Amino acid sequence: MPEVENSDWQAAERAAVEIRLAAAVPAADIPPVRLHQAMRHSLLGGGKRLRPLLCRAAARAVLGDDCEAAWTPALAVELVHTYSLIHDDLPALDNDDLRRGRPTCHKLYGEAMAILAGDALLTRAFELLAGAPQAGAMVGLLAQAAGTPAGMVAGQVADMEGAQGAALEAVRWIHERKTAALLRASVLLGGMAANAGAEQMEALAQFGHSAGLAFQIADDLLDRSASSAELGKTAGKDAAQAKATYPGVLGAAGARAEAQRRVDEAEAALAGWGPAAERLRALARFTLGRRR
Ligand code: GRG
């Protein structure tokens, strides 16, 4: 990854996200203490913060400047994402011990508390959005992206049940829902916060969809090539569980080419947006350059 793309703004944004996330959920000494400790363990335990960065960068691309109003949806999407990781790691789903380089929520707090911590993060996300000026539209968008039939829960179920039908089409169907839907929503929520017009929202939707697919293809490739220590989560699970993946269908080189094609597609969606959209473009490229 070129140095400029790993630059100071991403580190500064991530640091700001950490501070605001810490304030977005109840403190660890407020009862029920173990619930709040469990929520904070998973929420504040690392993570690339790609979704909040996308949300903030989309708002900046529209406004040409920093957008304070984008913070609320930026935090909300990270809460939803963290809930999904906690539930995904449960024994009934992916049954994993390691997440973001640390023990999973249920390993430390037990299954019942992990389920409830996920529930509370999901609920808190919508409570936050309820306070935004565009609350109705934002709640609808995030609910669609997180739920079913077009969102994350639908994708997770299809992933769990195994791909059906023509292989590549089936993998794309799953990836669009399991991963790309929330990344696309992150971008669109940033656009909404910045009062983007219809054409701008259309371009942001295309960008988010393409970058979201690139991100999940890169995730599939990393699952095969990186170690658990590098990833901060268990590597090699897709092959072990015979999951439907892009490298499984296209081979590693084919999947890399497809991921690059999706990044190019994402950047093309922002043609004519000028330097204000450079952070968004850099995040699309980051989906491929990352090591975890
Ligand atoms: C409703 C019971 C119930 C469970 C929901 C929907 C769901 C379970 C899980 C979501 C599916 C999931 C884990 C999708 C994969 C997306 C993905 C690649 C996650 C990892 O995201 P990163 O790499 O993680 O951005 P960090 O840790 O950096 O935030």
Side-chain angles (χ1 to χ4, degrees), residues 10 13-14 17-18 21 41-55 74-75 77-96 98-106 111-112 114-123 125 142-161 171 173-186 208 211-224 226 228 230-235 237-238 241 243-246 259 283-284 286-292:
Q10 287 191 18
E13 280 283 293
R14 287 196 178 95
V17 168
E18 297 301 324
L21 281 175
H41 166 76
S42 292
L43 184 65
L44 306 176
K48 295 180 288 297
R49 311 310 189 194
L50 178 61
R51 292 151 191 82
L53 263 63
L54 281 169
C55 182
L75 300 174
V77 289
E78 188 67 11
L79 264 55
V80 170
H81 169 57
T82 305
Y83 124 79
S84 83
L85 300 180
I86 294 174
H87 281 195
D88 188 52
D89 289 334
L90 287 166
L93 281 99
D94 222 25
N95 191 19
D96 220 317
L98 184 68
R99 173 66 68 179
R100 293 175 163 171
R102 307 196 315 160
T104 47
C105 195
H106 68 271
E111 281 182 50
I115 291 168
L116 294 166
D119 293 342
L121 286 168
L122 177 63
T123 310
L142 186 57
Q144 276 184 358
T148 190
M152 185 174 64
V153 175
Q156 179 72 2
V157 169
D159 194 38
M160 194 176 78
E161 291 183 335
V171 177
W173 194 98
I174 292 171
H175 282 18
E176 278 170 351
R177 287 159 181 78
K178 186 178 82 165
T179 308
L182 194 57
L183 290 164
R184 176 179 171 276
S186 304
L213 285 174
F215 176 85
Q216 183 57 53
I217 299 169
D219 206 71
D220 290 352
L221 285 161
L222 284 169
D223 181 77
R224 291 157 71 110
S228 299
E230 284 170 312
L231 294 179
K233 62 183 180 182
T234 309
K237 292 202 79 167
D238 292 341
Q241 297 176 348
K243 285 276 170 78
T245 66
Y246 271 81
L283 289 171
F286 168 79
T287 64
L288 296 196
R290 67 201 174 97
R291 293 214 166 76
R292 69 182 177 101

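Both ligands and their constituent atoms are indexed starting at 1 by order of listing. Just so it is clear, the values below take in all heavy atoms, side chains as well, and ignore hydrogens, waters and symmetry mates. Predicted model, so just to flag it, every value in this text is computed and none were measured.
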Considering only the protein, which heavy-atom contact is closest to [atom], and what is its distance?
{"atom": "atom 20 (C) of ligand 1", "value": "His81 CE1, 3.9 Å"}
{"atom": "atom 1 (C) of ligand 1", "value": "Tyr83 OH, 3.4 Å"}
{"atom": "atom 23 (O) of ligand 1", "value": "Lys48 NZ, 2.5 Å"}
{"atom": "atom 2 (C) of ligand 1", "value": "His87 ND1, 3.7 Å"}
{"atom": "atom 13 (C) of ligand 1", "value": "Asp88 OD2, 3.4 Å"}
{"atom": "atom 25 (O) of ligand 1", "value": "Arg51 NH1, 2.8 Å"}
{"atom": "atom 6 (C) of ligand 1", "value": "Met152 CG, 3.5 Å"}
{"atom": "atom 9 (C) of ligand 1", "value": "Ser84 O, 3.5 Å"}

Are Arg49 and Phe286 in a cation-pi contact, defined as NZ or CZ under 6.0 Å from the six-membered ring centre and within 45° of the axis?
no
Against ligand 1, does Arg49 come closer than 4.0 Å with any heavy atom?
no
Can Leu50 be said to touch ligand 1, with heavy atoms closer than 4.0 Å?
no
Check ion pair Asp159-Lys243 (N to O, under 4.0 angstrom)
yes
Polar side-chain atom of [X] near backbone of [Y] as donor-acceptor pair, under 3.5 Å:
{"X": "Arg224", "Y": "Asp238", "result": "no"}
{"X": "His41", "Y": "Arg102", "result": "no"}
{"X": "Ser228", "Y": "Ala235", "result": "yes"}
{"X": "Asp89", "Y": "Thr104", "result": "no"}
{"X": "Arg100", "Y": "Ser42", "result": "yes"}
{"X": "His106", "Y": "Ala112", "result": "no"}
{"X": "Thr82", "Y": "Leu43", "result": "no"}
{"X": "Asp88", "Y": "Asp94", "result": "no"}

Which atoms from ligand 1 have a heavy atom of [X] less than 4.0 Å away?
{"X": "Thr179", "value": "15 (C), 16 (C)"}
{"X": "Arg100", "value": "26 (P), 27 (O), 29 (O)"}
{"X": "Gly47", "value": "26 (P), 27 (O), 28 (O), 29 (O)"}

Examine Asp219 against ligand 1 and note whether any of their N/O atoms are separated by less than 3.5 Å.
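N/O-N/O distance under 3.5 Å: no.
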Can you tell which part of Arg292 has a heavy atom less than 4.0 Å from ligand 1: side chain, backbone, both or neither?
neither
Mind checking whether Lys178 contacts ligand 1 via backbone (N, CA, C, O), side chain (CB onward), both or neither, at a 4.0 Å heavy-atom cut-off?
both
Could you pull out the closest heavy-atom pair between Leu213 and Ala180, with the gap in Å?
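Looking at all heavy atoms of both residues, the shortest contact is N-CB, 3.9 Å.
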For atom 12 (C) of ligand 1, which of the options Gln156, Arg177, Arg99 provides the nearest non-hydrogen atom?
Gln156
